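What follows is a short report on a single structure.
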Number of protein chains: 2
Amino acid sequence: MSASSDRRGRATIEDVAAAAAVSVATVSRSLRGLPNVAKSTRDRVTDAATSLNYRPHPSASRLASGQTRIIEIAVPVLNSWYFSEVLAGAEAVLSECGYSLSISAVASPEEREKFIRDAVAADGADGLIMVDLPLDELEASVLAESRMRVVTAGVESGRFESVVVDNVEIGRKAVRHLFERGHRRIGILSGQSDDPLHFTVPGDRVVGYAEQLTSFGIEVDPALSCVGNFSVDGGKESMLTLLRLEDRPTAVFAISDEMAFGAMAAVRENQLSVPHDVAIIGVDGHDLSEVMGLTTIDQHVEDHGVMAARRLVEILEGAAESPLHLEIETTLVVRSST
Amino acid sequence: MSASSDRRGRATIEDVAAAAAVSVATVSRSLRGLPNVAKSTRDRVTDAATSLNYRPHPSASRLASGQTRIIEIAVPVLNSWYFSEVLAGAEAVLSECGYSLSISAVASPEEREKFIRDAVAADGADGLIMVDLPLDELEASVLAESRMRVVTAGVESGRFESVVVDNVEIGRKAVRHLFERGHRRIGILSGQSDDPLHFTVPGDRVVGYAEQLTSFGIEVDPALSCVGNFSVDGGKESMLTLLRLEDRPTAVFAISDEMAFGAMAAVRENQLSVPHDVAIIGVDGHDLSEVMGLTTIDQHVEDHGVMAARRLVEILEGAAESPLHLEIETTLVVRSST
DNA sequence: CTACTTCATGTAAGCGCTTGCATATCCCGG
DNA sequence: CCGGGATATGCAAGCGCTTACATGAAGTAG
């Protein structure tokens, strides 16, 4: 109505100031809850802001304050059960705390390196959550020197806080469970363990598997170890390979539930039954594991996101930062597949 | 080293200008590829920028230019197969085109309304993709009056471009397929169809189901219709209900693959077999449908995200905007469940 | 050789906020 | 009745860019 709404739609802090008959400084202070504002003034400002449907312009306040209230989150891929759980957990706490979440898919180590350089140089976020993206020395120091606070999830980084699970223990747990069920010939479907800087999770689980077997006095048979690619298909292919063995395993540890699903399908396709002919245990606590009757080691994935986000917010709001590694407990959920 | 790197880490446009011995205006023009810059100058500037590892400060250039190169994407939930596929598709094209992706989970109509008001008032993005979030009249006009360009996915909005599938046709297709397989008593597992402003997809699929049955001269039996909640568990529960019927269906149309998975589990739990006792068809083209042997109507979900993002970018780069509804074809994939 | 174009570059005014500092007001004890 | 410390508010200088406009340097035609 009045002359204030000239600039198509958006009300600025000046409009509010005019409406409340105060200076823009007072509006800024009032709206952000800073001290030394008279109650009556603050009310007047709040009313004016409300009636104008005013929101501070994000870019302007970011530029002026140097804080963006944006959190970047980088994941290897988006369309995967695991990462969308993490994302969901992180989003819930971040939006609750008034942060925006900006996501990027960072598939390869090259992309990762570029992502980090760009992110740091552009300086567009207050914080960064790296999910299952191991950092090399250079990347870590580039990040450490930036204004951004960093929390990693899924992998430890040494220089930043992280939320992790004990993947070695997961491997042990799985073997222990199968051993208790009477299995002695235990196979494993793992992920690609080639590049330690690409993805360390599979390696650790394999280590735990081998460790526990050894401590049970069982020799680790390389023939029983198959490398899939963390996918349903990968699990299926690998399982088919194992089934073709003369002396095939009586139980199989799939290092992810999705691989386990593939494995179950492979077993059934061979007219064999789970768990009678082959017992299968997975890792994740995937939505579908219950309905599939899959025994799994639940790693409470959504909590990874929740914890990482929570910790990052704490750090940003001033909590002491210590390169501590928050460990999420895993729980064995026994179902009909073992 | 030199006096330029005073401001902890970040190089500003002034540093670049100084290094290249030109004005900041020239740096800006050079780096953004604007015309009227001598080749030699542009090279000098580019070199300086590279060696300083300079990136324009996002907030500053956003404030000055009025463009953010941020796209908001709102989905009902993040941890769902469907939405993470959409997200993955959108992210791929947006990052390719140099946009950042900011995500929000918007669960209820109330949150949706708040989300829209905030987004418009804050004016923090150039564009917005609303996935499976129907807009009421007021919301649509609030959005229409904003600076943001909007594309919807999953639902048509009338006022904005959208990418959709023909959900009625999906219902028909499913019934047609089951009919051709000889089934006459066909049940349906649908989602909650109560609130048309909450989610319209289930309703349309039910309509197609009913339509096709009718046109085959089969009366629609309300007893064969069960409302789940788009989840595996929902599908399982609903299926159990149907199985308890005296005259149970010989085939069931689950309006999502995840519900179909639940249904398959329910059937097996009753010592019955799929497809012998009950045939099941789903919708989605879920990653696991192949391994589960589920017949499904693939709706190429990732493409929804790709198309929505692509169209939004086109609009932002100046393409004519027409409230057209880009329709993604669906394809029946027959497997062992029918 | 001059007048008029073009093209290249610089100048400076914002963009809408935040925030350090200055100013004004009020209340209290002496 | 006055000085001084709180408390409340305003002033104005940025934050790091973009961009309209002014200026300068060449080139071109008459």
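Numbered from 1 within each chain, the chains take letters A, B, ... in sequence-line order. Since this is a predicted model, take the numbers as computed values, not measurements.
Comparing atom distances between the B:Val22 side chain and each of C:dC17, D:dG16, C:dG10 picks out C:dG10 as nearest. For A:Ala64, whose side chain is taken as the heavy atoms from C-beta onward, the closest listed nucleotide among D:dA12, C:dG16, D:dG10 is C:dG16. Here the side chain of B:Ser28 is nearest to one of D:dC15, D:dG10, D:dT18, namely D:dT18. Listed nucleotides D:dC15, D:dT9, C:dC7 differ in distance to A:Asn36; the shortest reach to its side chain belongs to D:dT9.
Ranked by how close their nearest DNA chain C nucleotide is to the 5' end, B:Arg44 and A:Arg32 are led by B:Arg44. Along DNA chain D, the nucleotide nearest A:Ser23 and the nucleotide nearest B:His57 are compared for position; the residue whose nucleotide lies closer to the 5' end is A:Ser23.
When the P atom of D:dG16 is taken as reference, atom CG of B:Asp15 falls 9 Å away, rounded to whole Å. C:dC17 atom P lies 17 Å from atom CD of A:Gln67, rounded to whole Å. For the pair B:Leu34 CG and C:dT9 C1', the computed distance is 13 Å after rounding to whole Å. Atom CG in A:Leu31 sits about 14 Å away from atom C1' in C:dG16, given to the nearest Å. For the pair A:Leu63 CG and C:dT18 P, the interatomic distance rounds to 11 Å; values are reported in whole Å. Look at CD on A:Glu14: it is 10 Å from C1' on C:dC17, rounded to the nearest Å. Atom CZ in A:Arg10 sits about 12 Å away from atom P in C:dC15, given to the nearest Å. Distance, A:Ile13 CD1 to C:dC17 C1': 6 Å, rounded to whole Å.
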Next item on the list: Test side chain to side chain contact (heavy atoms under 4.5 Å, CB included) on A:Leu78 and B:Ser84 and set out the steps.
Entry: CA-CA 6 Å; A:Leu78 282 164; B:Ser84 52; 5.7 Å; no
Check: After noting the C-alpha distance and the side-chain angles of B:Leu133 and B:Phe115, does the key distance pass the side chain to side chain contact (heavy atoms under 4.5 Å, CB included) rule?
Finding: CA-CA 11 Å; B:Leu133 291 166; B:Phe115 169 81; over 6 Å; no
Checklist line | Verdict with supporting geometry, B:Phe83 and B:Val131, side chain to side chain contact (heavy atoms under 4.5 Å, CB included) | finding: CA-CA 8 Å; B:Phe83 295 114; B:Val131 185; 3.7 Å; yes
Item checked: Verdict with reasoning, A:Glu139 to A:Lys114, per salt bridge (Lys or Arg N to Asp or Glu O under 4.0 Å) -> CA-CA 10 Å; A:Glu139 292 166 340; A:Lys114 179 173 182 316; over 6 Å; no
Next item on the list: Test A:Glu110 against A:Ser108 for side-chain hydrogen bond (donor to acceptor under 3.5 Å, both in side chains), laying out the working first.
Entry: CA-CA 5 Å; A:Glu110 296 74 45; A:Ser108 64; 3.2 Å; yes
Check: For B:Glu314 and B:Arg311, what are the C-alpha separation, side-chain angles and deciding distance, and is it a salt bridge (Lys or Arg N to Asp or Glu O under 4.0 Å)?
Finding: CA-CA 5 Å; B:Glu314 283 172 12; B:Arg311 199 63 201 119; 2.2 Å; yes
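Taking side-chain N and O atoms only, B:Thr26 has a distance below 4.0 Å to OP1 or OP2 of C:dG10. Side-chain nitrogen and oxygen atoms of B:Ser61 include none within less than 4.0 Å of the OP1 or OP2 phosphate oxygen of D:dG16.
Look at B:Asp126 and B:Arg147 and you find a salt bridge, because one of the NZ, NE, NH1 or NH2 atoms lies within 4.0 Å of a carboxylate O, short of that distance. Electrostatic pairing of B:Arg117 and B:Glu113 counts as a salt bridge here, judged by a charged N lying under 4.0 Å from a carboxylate O. At a threshold of 4.0 Å, the pair B:Arg310-B:Glu96 does not count as salt-bridged, since none of the basic side-chain nitrogens sits closer than that to a carboxylate oxygen.
Nucleic acid contact class of B:Thr41 (heavy atoms, under 4.0 Å, all strands): sugar-phosphate only. Using a 4.0 Å heavy-atom cutoff across all strands shown, A:Ser65 reaches sugar-phosphate atoms only and no base atom.
With B:Glu91 contributing its side chain and B:Ala88 its backbone, the two residues share no donor-acceptor pair below 3.5 Å.
The C1' atoms of five pairs define one axis at each end of the helix from C:dC1-D:dG30 to C:dG30-D:dC1, and these two axes lie 50° apart (to 10°).
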Notebook entry, point to check: Which nucleotides of nucleotides 20-26 of chain C have their base under 4.0 Å from a protein heavy atom (B), which only their sugar-phosphate (S), and which neither (-), written as one string 5' to 3'?
Noted result: B------
